[in-house]
Amino acid sequence: MTEKLLTTDVLVIGGGLAGERCAIEAAAAGHDVVILSLVPPRRSHSCAAQGGMQAALANCVKADGDNSTVHFLDTVRGSDWGADQEVANIFAEEAIVAVREMAHFGVPWSRVKGGKNKYFIKGDEVEIEEALENDGLIMHRDFGGTAKWRACYAAAGTGHAALYAVDSEVVRLGITVRDRTEAVALIHDGSRCLGAVVRCLRTGEHFAMMAKATVIATGGYGRIYGQYTSNATINEGTGASIALDTGIVPLGNMEAVQFHPTTLSPSGILVTEGCRGDGGYLLDKNLDRFMVELEPKKQELASRDVVSRHMAQVMRDGNGVDSPYGPHLWLDIRHLGEEHLRTKLLEVWDICRDFVGINPAEKLIPVRPTQHYSMGGIRVNKDGQAYGLAGLFAVGEAACWDMHGFNRLGGNSLSETIVTGRVVGRRAAEYASGTELRSNTGFAFDMLAAAEEKAANWLARSGSGPNVYEIRDRMGETMMHKVGIFRTGDELAEAVAELAQMLDDCDDAVLRCTDPGLNPELAFALRLKGMLRLAMTVAKGAQARTESRGAHFRTDFPLRNDRDWLSRTLVRWAEKDSAPTFDYEPTGLIDLPPGYRGYGADERIEMTDSLEQYNASVLEDQARHGRLPTAEDMGSRLRRGAWQDIVG
Ligand SMILES: Cc1cc2nc3c(=O)[nH]c(=O)nc-3n(C[C@H](O)[C@H](O)[C@H](O)COP(=O)(O)OP(=O)(O)OC[C@H]3O[C@@H](n4cnc5c(N)ncnc54)[C@H](O)[C@@H]3O)c2cc1C
């Protein structure tokens, strides 16, 4: 072993909630585990999560009757039937344990207060008496698209509390964390992943990190939307990008991009759905509550795709509030009162004060929808194992596991991180136990040399040429305005052409800073083509999908089409190839038949196959598309027909 070649049992790329929870599981199984992160783990994007995480604990009156089946139903409906239903069930069942376990790790959950409590529901103040025997249990708040109050929360700092607790466990277990270290390529032999080539962001030095099992937990890729995102600046999708580069591992449903209804205008900083869950509402420029008329049943608490579309349409119709930064709408939480805001929504209080200079107990909050969440990602089977490459796993927002389909419900992502951390961490540990790290190190050294050459090439460019940040900004404009909330074939074609031009421009781009070590411009330049390639898979995927489903809305194909599009997009794009190839697999075994979501449009093109016909070929088809065998039989975690007890 040279100092350029390091080894471990389980390599976890990403120190957010998903990566750290996964690392804990693998370390608890006795493995040597290394976590890589661009930043110290506690600064990972998970820390910014606010409103809560969903788990059907049924601890308060408005959660009465909740259970994992109701959670499953909400999740599949929320996904607009794009989710893998077996995965949605595994998730709903395991979230109950995973969330309780977080209390043991030290999360200070907001708790039920026994006796009389005042809540705001659909704009009205109501008094509800919580059972005294429930006093002190984990409390829930309402969130969009759910039948029950289910989101467990720690004020509006749920991600902060959870990440600090999980990170403390990582420290306690003595897991090695290499922060400011970036995985820049996967090491593989065509059928098995053997670790990653990594780059130290402080020195610029590259080395090979070989591992029996490698887990990608790099979060979302919101920054391909430039400034139009609620995501942290580090959410540049490098994990998805290095998986795509292999040409073997497909990304799933890249066109499924979530826009969150309420981000601060103009900064894009999130104002949690918990505000609407706790009784806040949206107003147009005339101070009308437009959601009451547009979605009489769920109002502000329809799913995010539906609320964002209504908001965008209200602004298109000229009912937005004009501002130098474009139109916005108002979020009104004044009636919740200062005490509520300074306890249950404390972080929102702080954000309003610090970023728009207002007291939300007195003033309206300017909001508009912005890119927020990546439903698409590295396509994995129910064990979290990537299609096509043994030994590679993915968890959290980086993965397409796929419980969110075409729309994620608020609060389902934080719980996904800790559920997949547990489930996939265990599977990665089992895989590592059953394999040896015996391989030709030539693969690793070849890939190491290629990565070093790439960085050297950037540094060697001289003269004039486009600036990498200018290309990034153009990418953001194209993505937001042509691959945004409303999509059309013509605009998507324009976006594809513009992104192709930007990819060409990358080859002529030059750096202003040519320091080989601590050089953020070089680090960004090395990611830029990958980001553009991800953006291209989103735009082309959206262009090809001639229907509307969840967050993917085509004004030229406005109906959900279960006859032709009950499928998941798979895209592969080897680094050496000039264009991606698209393919489609069935969404998974279907238990809950496609139907009306309970909000949004109630019109669609029905499937013509029977469920039996559809399900008959699912497993074979998915295996043909690269799905690797799972520890338990496919379908074994579906509780067929259990939903009928709820729906009747
Ligand atoms: C503002 C905001 C609020 C949110 N609130 C909620 C909420 O209330 N409830 C909810 O359910 N969801 C919420 N979400 C979504 C949720 O927070 C995220 O989906 C989730 O935290 C993602 O966790 P993760 O572990 O997958 O990724 P992240 O937390 O993004 O972590 C990614 C990690 O990967 C590392 N990394 C990235 N690339 C590399 C690389 N190439 N090499 C090495 N390391 C790398 C990063 O350093 C980081 O450690 C919110 C999202 C936002 C934007």
Side-chain angles (χ1 to χ4, degrees), residues 11-23 34-55 95 141 143 151-154 156-160 162-163 166-167 177-186 196-201 209 215-223 229-243 258 260 262-264 268-274 277 304 347 351 370-375 377 394-399 401 404 408-418 420-421 523 526-527 530:
L11 174 64
V12 180
I13 306 172
L17 266 177
E20 291 216 315
R21 184 63 194 83
C22 187
V34 173
I35 297 174
L36 306 178
S37 177
L38 301 177
V39 291
R42 290 180 186 211
R43 290 193 209 151
S44 298
H45 181 67
S46 293
C47 194
Q50 298 174 10
M53 58 172 88
Q54 303 278 1
R141 64 164 36 122
F143 252 54
C152 310
Y153 60 100
T158 312
H160 184 129
L163 187 59
V166 169
D167 191 55
V177 176
R178 285 175 172 263
D179 63 25
R180 299 180 179 90
T181 305
E182 175 171 354
V184 293
L186 291 174
V197 174
V198 308
R199 178 172 181 273
C200 172
L201 294 169
M209 191 92 216
V215 184
I216 297 182
T218 48
Y221 41 87
R223 283 282 153 182
T229 179
S230 62
N231 286 193
T233 50
I234 55 170
N235 284 14
E236 294 174 326
T238 46
S241 181
I242 59 178
Q258 177 165 91
H260 193 291
T262 57
T263 66
L264 274 188
I269 294 171
L270 188 87
V271 184
T272 175
E273 186 163 311
R304 288 176 178 175
E347 290 72 9
I351 286 170
T370 291
Q371 192 285 343
H372 179 66
Y373 186 80
S374 316
M375 270 84 70
V395 285
E397 195 172 338
W401 188 29
H404 305 300
R408 163 174 84 83
L409 290 185
N412 262 359
S413 172
L414 278 186
S415 14
E416 180 191 14
T417 62
I418 55 169
T420 46
L526 288 167
R527 295 174 199 144

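As the structure lists them, so they are numbered: ligands from 1, and atoms in each ligand from 1. Side chains included, hydrogens not; waters and symmetry mates left out as well; all remaining heavy atoms used.
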Subject >> Of Ile35, Leu38, Thr218, Val34, the residue whose pairing with Ile13 passes side-chain contact (heavy atoms from CB on, under 4.5 Å) >> reply: Thr218
Subject >> Pocket residues of ligand 1, ordered first by chain and then by residue number (heavy-atom cut-off under 4.0 Å) >> reply: Ile13, Gly14, Gly15, Gly16, Leu17, Ala18, Leu36, Ser37, Leu38, Val39, Ser44, His45, Ser46, Ala48, Ala49, Gln50, Gly51, Gly52, Thr181, Glu182, Ala183, Ala217, Thr218, Gly219, Ser230, Asn231, Ile234, Asn235, Thr238, Leu270, His372, Tyr373, Gly396, Glu397, Arg408, Gly411, Asn412, Ser413, Leu414, Thr417
Original post:
Sequence neighbours excluded, which residues qualify as ring pair (Phe, Tyr, Trp, His ring centres under 6.0 Å) partners of Phe143?
Top reply: none
Subject >> Pairing residues for Leu264 by the side-chain contact (heavy atoms from CB on, under 4.5 Å) criterion, not counting sequence neighbours >> reply: Ser267, Ile269, Val271, Ile351, Phe355, Val356, Ile365
Original post:
Salt bridge between Arg408 and Glu416, side-chain N to carboxylate O under 4.0 Å?
Top reply: no
Original post:
If you draw a 6.0 Å radius around CZ in Arg180, do more than 12 non-hydrogen atoms from other residues or ligands fall strictly inside?
Top reply: yes
**OP:** Quick one: list whatever passes side-chain hydrogen bond (donor to acceptor under 3.5 Å, both in side chains) with Ser230, sequence neighbours left out.
**Re:** His372
